[in-house]
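Written out below as structure tokens is the structure these notes cover.
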Amino acid sequence: MIRITLPDGSVREVKRGASFLEVAEGIGPRLAKAAVCVRFNGELHDLREAALVDGDLAVIGPGGPEALQTLRHTASHVMAQAVKRRFPGVQLGIGPAIEEGFYYDLDLPTPLAEEDLAQIAEEMRGIIAADLPIVRREMTKAEARTLFEGRGETYKLELLADIEDDVVSIFEQGEFVDLCRGPHLRSTGGLRPDAVKLLSVAGAYWRGDEARPMLQRIYGTAWERAKDLEQYLWRLEEAAKRDHRKLGKDLDLFSIHEEGGAGLICWHPKGARLRRTIEEFWYAEHDRQGYDIVATPHIGKSQLWATSGHLDFYRENMYSPMDIDGADYYVKPMNCPYQILIYKTRGHSYRELPIRMAELGTVYRYERSGVLHGLLRVRGFTIDDGHIICRPDQVDAEIRGVYEFSVNMLSAFGFRDFDIYLATRPHAGKAVGEPERWEQATAALRAALDAHGLPYKVDDGGGAFYGPKIDIKVRDTLGRAWQCSTIQFDFNLPERFDMTYIGEDGAEHRPYMVHRALLGSLERFIGCLIEHYGGAFPVWLAPVQAVVIPIADRHNAYAADVAQRLRNAGLRAVVDDTSERMNSKIRAAQLDKIPYMLVVGDREAEAGAVALRLRNGEDAGAVPVKAFIDTANSIVRSKSAENWQA
RNA sequence: GCCAGCGUAGCUCAAUCGGAAGAGCAACUGACUUGUAAUCAGUAGGUUGCCAGUUCGAUUCUGGCCGCUGGCUCCA
């Protein structure tokens, strides 16, 4: 007998080797009927698996993330089965459940087009309708090898070879057999045909390795109810409307030109205005935090990049050198070396430290053409790049300070949900410095994170070549996470550049250095901002805050006067004096997502007022110009997301 | 870079089987002077991404290049 502890703390004795389904039946038939899978000792297990040791058991019913994961995993198998039925010669790769759906990587002789998805989906409906029981079997690796050899599944054989346990599990439904850990539904009929949808096909290297064959990946999504699927598809559509590439065009913020080059951004007046607002805020905050603002060149001699190690460790991201008077100059991929040169222009006392230097430094990095993506992934970008040079005893406090600064900065822009990562030492010769120093530095970063109690994940091997880092990512509307803030510990560059300070003891010491970017790059950050707000920026960020709309031409002079008063008060205001009707001007302003529409006609001109319309469509009535300016300015000062307060 | 798809007017999109490139919006001109999401009329706008090839004839078929989209990989 073994002892099973249930979530309520009660303990049941069950026969060793009883399946989890049997255990669930012992607890209650209704529970067993609804069960999808179980969580046993913290891990998900299939209902058909045997309970062999004492442990904590939670029976998972529908409605939660684990149940969805199980259902999607089964959907992935059903899809693979359908593809195998329709297209002969298919070999299975891997097919997991993912955050909002599932995929299966398949090696099939003919390229799939999106049109093929319909007939695969048709076949899937048949498999679901047939309600094939899903059977879980355990066998030795040797048996499994024979099985998959017989079926010509070479990728499965490769996976099998990497499994350490001697016993593996396979799942079968009808003629379909897969090597799989599970858990799965009890039968294919557990899926709702109207809650499953195939979404796209894409190429994917086998095991993510570009030296290996490229398989075809089919993405799909599956939900418990048709309603959930509809809602998900609706969400995708809404997300597409917020796409910063579309909004960038619609709102006339930026452009990218084929004749200029991929991944290179031209900021139009409104986009540049937005950028400037961000920069002005950024400078003001850095002044408050005790940073010194610097500015450094865009290119530098090979000597500099050799000293920094970039030519050794970062070359694949750097552009070819240009010859200037016989010397090789590189366009800078990072700002740090020049900031270090600034530090080194004179001696420093321990009393001066920490020195906090920052600049909005534009860098250029080679990115493979396939990865470029609007503003989020570009080849030229401006990093809000800072470096803190400090004594070893100051580093913990500095890292904590930067971390707080970073979270506060992102919050000011309305970002609240972050994914935080601790990225550790890169593997396989991609890192400089002794392992002990990496350990020490990683511990310092971990301590800063722990001090805040915010949850974080470890990104094993994700550090920069010169040190470990804390990365903060924000999610865009399509659910993709984009890295903004990064805090990087560096014990390499101070060494390479022989940076020193004079300590209390009169001797030279080596300072520590922390690289940090809070917004990440202005390009990416603005891309995230656009999507976050769907182009309807908070008043303080809006490129145009108010448009004055004269009703007839005779109101143009008054409108111009109002706009000028607004601009004198620091607000960004324009007049729409086109020869359109007022309705048309309002529509244009709505499409531009301008926070305030100030309609002026005879009544307003008479009263020295404006008729205020908000971008949410609300008519806020007549407001004296002075009162409008005061309220709008207080909203700007507070950086409030609120559009108006009466 | 690799796999798949796509590229027609400033924007959004049509064009049958390979047979005279079109619409709406935007722009421009004129009229209208309007009270909370599109006033009316007219004008102009094209090397169909670029370069080759097949063909009597190519937006359409083929090849190369450039760019974009979704992924893989990588990163701010």
Side-chain angles (χ1 to χ4, degrees), chain A residues 103 105 111-116 199-219 243 245-246 249-250 252 255-263 314 316-317 333-335 361 363 365-385 423 462 464 469 471-473 478 482-486 488 515-525 527-528 549-556 579-591 597-604 611-615 617-622:
Chain A
Y103 67 81
D105 283 348
L112 278 181
E114 309 247 331
E115 298 83 68
D116 297 320
L199 298 172
S200 61
V201 288
Y205 296 107
W206 169 236
R207 308 192 112 179
D209 182 348
E210 57 192 273
R212 309 243 209 162
M214 179 162 283
L215 309 183
Q216 299 192 61
R217 174 173 297 180
I218 307 176
Y219 281 97
D243 190 315
R245 293 163 300 182
K246 176 178 162 48
K249 198 180 277 182
D250 291 351
D252 198 14
S255 56
I256 304 171
H257 302 266
E258 188 174 337
E259 53 272 64
Y314 207 71
E316 63 202 28
N317 288 293
M334 290 190 195
N335 300 302
V363 300
R365 296 183 187 172
Y366 174 70
E367 297 287 352
R368 306 215 266 183
S369 61
V371 305
L372 300 173
H373 180 87
L375 294 176
L376 298 181
R377 193 68 185 279
V378 295
R379 285 179 171 162
F381 55 102
T382 301
I383 307 180
D384 65 317
D385 207 354
K469 57 182 183 168
D471 285 337
I472 303 179
K473 301 187 181 191
L478 294 167
W482 290 96
Q483 183 169 326
C484 290
S485 299
T486 183
Q488 311 181 342
H515 305 243
R516 40 111 287 175
L518 308 185
L519 308 177
S521 81
L522 288 175
E523 285 73 12
R524 176 174 292 176
F525 187 73
C528 289
I549 298 176
I551 289 176
D553 287 351
R554 66 174 179 282
H555 309 119
N556 283 357
S579 65
E580 289 292 339
R581 292 178 57 207
M582 179 201 64
N583 280 299
S584 167
K585 295 178 186 180
I586 286 176
R587 180 165 191 275
Q590 286 286 158
L591 294 177
M597 283 152 267
L598 311 180
V599 178
V600 297
D602 293 332
R603 295 200 295 268
E604 289 74 21
L612 174 62
R613 179 192 162 100
L614 305 177
R615 95 187 129 187
E618 186 187 332
D619 183 350

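Computed from a prediction, not measured in an experiment: that's the story for all the values here. Chain letters run A, B, ... following the sequence lines, proteins first, then strands; residues in each count from 1.
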Where along nucleotides 31-40 of chain B does protein come under 4.0 Å, by heavy atom, of base (B) or sugar-phosphate alone (S), with - for untouched nucleotides?
-> -BBBBBBBB-
Donor-acceptor list for residues 255-262 of chain A side chains, cut-off 3.5 Å, not counting sequence neighbours:
from     : atom 1 : to       : atom 2 : distance (Å)
A:Ser255 : OG     : A:His257 : NE2    : 2.7
A:Ser255 : OG     : A:His268 : NE2    : 2.6

Tell me: CD of A:Glu258 to C1' of B:rC6, nearest whole Å?
->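 A:Glu258 atom CD is separated from B:rC6 atom C1' by 13 Å.
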So what does [X] hit on the nucleic acid, given a heavy-atom distance under 4.0 Å: a base, only sugar-phosphate, or nothing?
X: A:Glu523; value: nothing
X: A:Gly208; value: sugar-phosphate
X: A:Gly520; value: sugar-phosphate
X: A:Glu210; value: sugar-phosphate
X: A:Lys473; value: nothing
X: A:Leu215; value: nothing
X: A:Ala202; value: base

Phosphate-side-chain proximity, [X] and [N], N/O vs OP1/OP2 below 4.0 Å:
X: A:Lys249; N: B:rG10; value: no
X: A:His373; N: B:rG70; value: yes
X: A:Arg365; N: B:rC75; value: no
X: A:Tyr219; N: B:rA4; value: no
X: A:Ser369; N: B:rG1; value: yes
X: A:Gln216; N: B:rC3; value: no

Residue mapping more 5' on RNA chain B - nearest nucleotide basis, A:Trp206 or A:Leu519 =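 Result: A:Trp206.
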Closest-nucleotide 5' rank along RNA chain B - winner of A:Asp209 and A:Ser200 |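 Here A:Ser200 is the residue nearer the 5' end.
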Counting only distance, no hydrogens or angles, is the base of [N] paired donor-acceptor with the side chain of [X] under 3.5 Å?
X: A:Arg368; N: B:rC75; value: no
X: A:Glu367; N: B:rA76; value: yes
X: A:Tyr205; N: B:rG1; value: yes

Under-4.0 Å salt bridge between A:Asp209 and A:Arg212 =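 Salt bridge between A:Asp209 and A:Arg212, a charged N being under 4.0 Å from a carboxylate O: yes.
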Compare all side-chain heavy atoms of A:Ile586 with those of A:Gln590 and state whether any distance is below 4.5 angstrom.
->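 Answer yes - side chains close enough.
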Closest heavy-atom contact between A:Ile383 and A:Asn335?
->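 Residues A:Ile383 and A:Asn335, closest heavy atoms: CB-ND2, 4.1 Å.
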